[in-house]
Structure formats: structure tokens, C-alpha cells
A.B. asks: 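Just dropping this structure here.
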Amino acid sequence: MLQAMTDIVRAAGSIIRQADADKAVRRKSSKHDLVTRYDTEVQEFLRRGLLDALPGAGFFAEEDDSGAAKPAGPCFIVDPIDGTTNFIKGLRRSCVSVALAEGARIVCGVIYNPYTDEMFTAEAGKGAYLNGEAIHVSRCCMDEAVVYTGASPYYPACYDETFRLARSLMGRCVDIRRSGSAALELCDVACGRAEAYFEALLSPWDYAAGSLIVREAGGLVTDMAGKPLQFAEKSSLAAANPACFDELLRLAREAETC
Ligand code: LIP
């Protein structure tokens, strides 16, 4: 199934790469929460391909307006364009993110950045890969770390906690980064380009595939309270290499309780 997912996701990525300037941008819940005609076009391409490959599977995706809950059985968890605002602005930092869940367990994850032609894949228990080469989180401690700080732009109630934690981390790590794609930030942790990532609130399709890729690369991933991730509704996220994970959770607890 991983190869079928990879082939379909790569083809979906070419739609993003070939997009023209007329993206027909619409607001969803707020000025921060945008969607384009390409988000829906890529999602429908993925729906057709993935459900042909696995008939009867569920399809739990960002641009479905049904509000339906994640199906219990085998289910694809899909973000057709993670980093939609980057896509709109032409920042060339967006990806297609697809996970296959069996109940509460993610068994396959595929994330493709069409701008760099980087395909991140993982299958539970079988390691994580970038373009077929095994990847592993770094061994750097927090003092040597680059830390991604998600901003949860759709959720203003999270801003104060987010920037308290970002300020706290800034005093302890080398530098912080914010790139606008949770999935790609998780992939950067998995291959050792960064050491940690957090975000106070985001949707399952933002992190389902990336959480498996980080774990299979030797990293640790929970919610920001240190509890196991679930994939049926929004959650906070904390991901890091083993050398930084406990400190990230400690600082997150301090930022939340201020
Ligand atoms: C985005 C995430 C990002 C988060 C944004 C948004 P989208 O996903 O990747 O990390 O901060 O709020 O959720 O909406 O571009 O697919």
C-alpha cells in the first residue's frame, strides 16, 4: 500500500507544482484560514486514487465540509496542500500529506514536497525514508537545536501560550523557525535538519503522516501535555529527538501555566 500511496501523492504534487496564478482563494473560518481551488482539486484527485487503491477505506480530509468524524476502520487522513498560505503567496514551502490509519494507529505516512522533489515515507516498524534513503533524527541537545514553532494562526486563543513558549525556547536553543507547513516541519525533524517542533492546536491531517515519519526516524511525538496522539480531532503537538523531547515538554508545561 505504501508504494501505491507514494505514486498517487507524487502525481498530486505535480498539480501543485503546475498551478497557475489564478488560485480562486476563499476564506474559511477566518482571514487566517484560506483555501484555493487547487486544495479541492488535489483532494479529489487523492480521493479517487486512494479509494481505487483501497476500496472501502475511509477518507478523512481537510477540505471535506461534511464535518463527519474520522471513520473507525482503515482510513486515509489527508491534507491535500499543507501550507496553503505559503502556496497562495508563492513561498514554495507546501506539501501533500497522506496517512493511512487502522483505528487509532497510523500504519503508513507519505509527505511530498513538489518544489524540492522530496518524498518522505514511513511504514510502522519499518523505518523512515527520504527519496528511498533511510533518515534519522539528530543527536543534538537543546543548546545546539533549531526548533520549529507552529503559530496556530486559526486559533487566536493559542497565540499567548505559543509566543511564551517560543520566547522560552529562544533562550535555550540556537534559533527558532516558523515555516507554515506542520508536515514539512515534522519531516525536517525526522531527517535531522531541526531538533524539535511544537504547535498549540492543529488538525489531524496536519500531523498524522508526519508523526509516524518522526517516530520511525527515532523521534518522540505526543501532544504538548505528553499524552499519546489521537487522530480523530484537533490536538496540540510536540515532536523532538530524544535529547530535546523532555525539555520541550517541560517548557511547554511552564508556558501553559503562566
Ligand atoms: C497549516 C499547518 C500549519 C499551521 C496552520 C495550518 P494548512 O496547514 O501546516 O503548521 O500553523 O495553521 O493548519 O491549513 O495549510 O493545511
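Residues take their numbers from the sequence shown, with the count starting at 1. Order of appearance sets the numbers: ligands from 1, and atoms from 1 within every ligand.
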A.B. asks: What protein heavy atom lies closest to atom 12 (O) of ligand 1? Include the residue and the distance to one decimal.
C.D. replies: P153 CD, 3.0 Å
A.B. asks: Which residue owns the protein heavy atom closest to atom 10 (O) of ligand 1, what's the atom, and how far is it?
C.D. replies: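 For this ligand atom, the closest protein heavy atom is E199 OE1, 2.9 Å.
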A.B. asks: Starting from atom 13 (O) of ligand 1, locate the nearest protein heavy atom and write down its residue, its atom name and how far away it is, to 0.1 Å.
C.D. replies: D206 OD2, 3.4 Å
A.B. asks: Answer yes or no: are there more than 12 heavy-atom neighbours, outside R178 itself, under 6.0 Å from its atom CZ?
C.D. replies: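 Yes.
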A.B. asks: Are there more than 12 heavy atoms of other residues, nucleotides or ligands under 6.0 Å from atom CZ of R250?
C.D. replies: yes
A.B. asks: Does a side-chain N-to-carboxylate-O contact under 4.0 Å join R164 and E161?
C.D. replies: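 No salt bridge links R164 with E161.
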A.B. asks: Is L165 reachable from Y155 through a run of I, L, V, M, F, W or Y residues, each pair having side-chain heavy atoms under 4.5 Å apart?
C.D. replies: no
A.B. asks: What I want to know is whether A182 and ligand 1 share at least one N or O pair that is separated by under 3.5 angstrom.
C.D. replies: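 N/O-N/O distance below 3.5 Å exists for this pair.
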A.B. asks: Answer whether the closest heavy-atom distance between the side chains of I16 and Y115 falls below 4.5 Å.
C.D. replies: yes
A.B. asks: Relative to the heavy atoms of D79, which atoms of ligand 1 are at a distance of less than 4.0 Å?
C.D. replies: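 Selected atoms, number and element: 16 (O).
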A.B. asks: Any heavy atom of K28 sitting closer than 4.0 Å to ligand 1?
C.D. replies: no
A.B. asks: Counting each atom of ligand 1 from 1 as listed, which ones have a heavy atom of G180 under 4.0 Å away?
C.D. replies: 3 (C), 9 (O)
A.B. asks: Measure the distances from the heavy atoms of G83 to every atom of ligand 1 and state whether one is below 4.0 angstrom.
C.D. replies: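 The answer is yes, since G83 has a heavy atom less than 4.0 Å from ligand 1.
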A.B. asks: If you look at every heavy atom in M1 and A53, which pair is closest and at what distance?
C.D. replies: CE-CB, 3.6 Å
A.B. asks: At under 4.0 Å between heavy atoms, is it the side chain or the backbone of I81 that contacts ligand 1, or both, or neither?
C.D. replies: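 The answer is the backbone.
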A.B. asks: Which label fits Y148 and Y197: parallel for a plane angle under 30°, tilted from 30 to 60°, or perpendicular past 60°?
C.D. replies: perpendicular
A.B. asks: My understanding is that we take every heavy atom of each candidate and find the minimum distance to atom 9 (O) of ligand 1. Doing that for L202, D82, L237, T84, which one comes out nearest?
C.D. replies: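 Closest candidate by heavy-atom distance is D82.
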A.B. asks: Heavy-atom pairs closer than 4.0 Å: do any link ligand 1 to the side chain of R178, the backbone, both, or neither?
C.D. replies: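 For R178, only side-chain atoms sit under 4.0 Å from ligand 1.
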A.B. asks: Would you kindly specify which portion of S181 sits under 4.0 Å from ligand 1, judged on non-hydrogen atoms: side chain, backbone, both or neither?
C.D. replies: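 Near ligand 1, S181 shows its backbone, while the atoms from C-beta on stay back.
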A.B. asks: Regarding E63 and K28, does a basic nitrogen lie under 4.0 Å from an acidic carboxylate oxygen?
C.D. replies: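 Counted as a salt bridge, because a side-chain N and a carboxylate O are separated by less than 4.0 Å.
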A.B. asks: Measure the shortest side-chain to side-chain distance between E44 and T40 over non-hydrogen atoms and say whether it is less than 4.5 angstrom.
C.D. replies: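 With C-beta onward as the side chain, the pair stays apart.
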A.B. asks: Give me the nearest non-hydrogen protein atom to atom 14 (O) of ligand 1 as residue plus atom name, then the distance to 0.1 Å.
C.D. replies: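 The answer is Y154 OH, 2.5 Å.
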